[in-house]
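Written below as structure tokens is the structure these notes are about.
Here is the naming used below: chain letters follow the sequence lines, and residue numbers restart at 1 for every chain. Please read these numbers as outputs of a predicted model, since none were measured by experiment.
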There are 2 protein chains.
Amino acid sequence: MPTKHDVERFFSRGHRQYVPHLSVDCVIFGFHDGDLKLLLLKWKNSDIWVLPGGYVRWRESLDAAAHRVLRERTGLRRLYLKQFHAFGGMDRREGDIRRLFATLGVTAPRTAWPLERVVSIGYYALVDFSKVRPKGDYLSDRCEWCPIEVRPRLAFDHDVIATTALDSLRESLDAGTLEASLLPARFTMPELQRLHEAILGRSLDRRNFQKRMLERRVVERLSLRRAGGAHRSPFLYRFAASRSR
Amino acid sequence: MPTKHDVERFFSRGHRQYVPHLSVDCVIFGFHDGDLKLLLLKWKNSDIWVLPGGYVRWRESLDAAAHRVLRERTGLRRLYLKQFHAFGGMDRREGDIRRLFATLGVTAPRTAWPLERVVSIGYYALVDFSKVRPKGDYLSDRCEWCPIEVRPRLAFDHDVIATTALDSLRESLDAGTLEASLLPARFTMPELQRLHEAILGRSLDRRNFQKRMLERRVVERLSLRRAGGAHRSPFLYRFAASRSR
């Protein structure tokens, strides 16, 4: 738990460690129970939800900063990471940061460097839901998966960042290399279809989907079936070797 | 022509006007004489070539900064503009800026803000070559179109930025909306094919190309032919209405 002193020190000295005016924000996608989900943080003593993110250190590339944030929030060292857009409009509502610090009992000095304009580099990450151990940062008391369809409203311009990330993910879906990061090593065709549907936000025809997946040679059928209920035991698939993790 | 005093003033006061550590760089593509070309600047008193770019003002979005740079270098107020990547590695060779100022007779103070790390937001622009009036900035003595295949080596990481822009342009080519920004209102099929070849860096089969373009309904044939030599007068095409500028 950060003390008031810690926060005041961040205001007075943080710009020696971090490049001012520059941050990374991470849209972390996971797939679970048929839903595409986002990993979100809730700030302490408030109902303010945000994307995981952070300032960039002076001796750290943008990609390294994103990996650091992702490692701290998910516990994962390796994941699919893509920079998709830089957000630098005049309407980013940096003023929301005042609300954050107010919840910690700190009134930010009027000229404090974190209150100046910040340009944020957006990254999205695709992770294996089952391997993530969500962990909040020192400003948050919750770090949770939320289905994208029913997520809380996000502070700053983070809803725009999340929506833009989803658009970018959709555009890349045809390449057929992304899904491997979101599914376990073995999966059924209905699970793969449900993932595509969750990303695209619409339902797909079962026969056409299966036909297209097999024609693209992205996945290959194993000789195994999922042990299941009495009525059916669907075949298992995996991503073709050249495209797997 | 900037005086030594102007430059020293930029070092001492520029950070009041511009966000430090943040710039935009613009990869300006034009198509002429069958070549895809880039608009480049040469710094005064040197053989150093760079992409057009600049710092971002405090009260200016990233997009507005890119439009400002593009307007100043090309004279165009409207053009196809796309943000494609943020460059923030540790190997951007900001030290090259010392060489620049040395050519102007100014030794930059060791702690000057323009010598600190800069993250650059990359934009590419597609322009109608015939409408551009190239104009250098106050640091340059030449502003010229160079074919991408035979361009000079660029300072900083600008070669990486230009190459990444070209990759991004190639990925977007299939959408069939980009070419309208690079060609005049009426063009022949061989001109359109040559544009695709220049972007892709390889030759294409004439029959397949024509078939694909017409099937995609991106272009439509006019009842006009280009008046030409004795042997042939090719049909003219234009981009279909819904996709034209």
- What class does the angle between the rings of B:His21 and A:Trp58 fall in, given that below 30° is parallel, 30 to 60° is tilted and above 60° is perpendicular? perpendicular

query: Sub-3.5 Å donor-acceptor pair from the side chain of A:Gln83 to the main-chain atoms of B:Ala86, do we have one?
result: yes

- Crowded around B:Arg9 CZ? As in, over 12 foreign heavy atoms under 6.0 Å? no

### Message
If you apply the rule side chain to side chain contact (heavy atoms under 4.5 Å, CB included), what do you find for A:Val56 with B:Arg117, and how did you get there?
### Response
CA-CA 11 Å; A:Val56 179; B:Arg117 179 178 172 193; 3.8 Å; yes

Residues B:Ser61 and A:Gly89: closest non-hydrogen pair is CB-CA, 4.0 Å

Q: Start with the C-alpha distance between A:Val119 and B:Leu62, add both sets of side-chain angles, then the distance that settles side chain to side chain contact (heavy atoms under 4.5 Å, CB included), and finish with yes or no.
A: CA-CA 9 Å; A:Val119 169; B:Leu62 296 175; 3.9 Å; yes

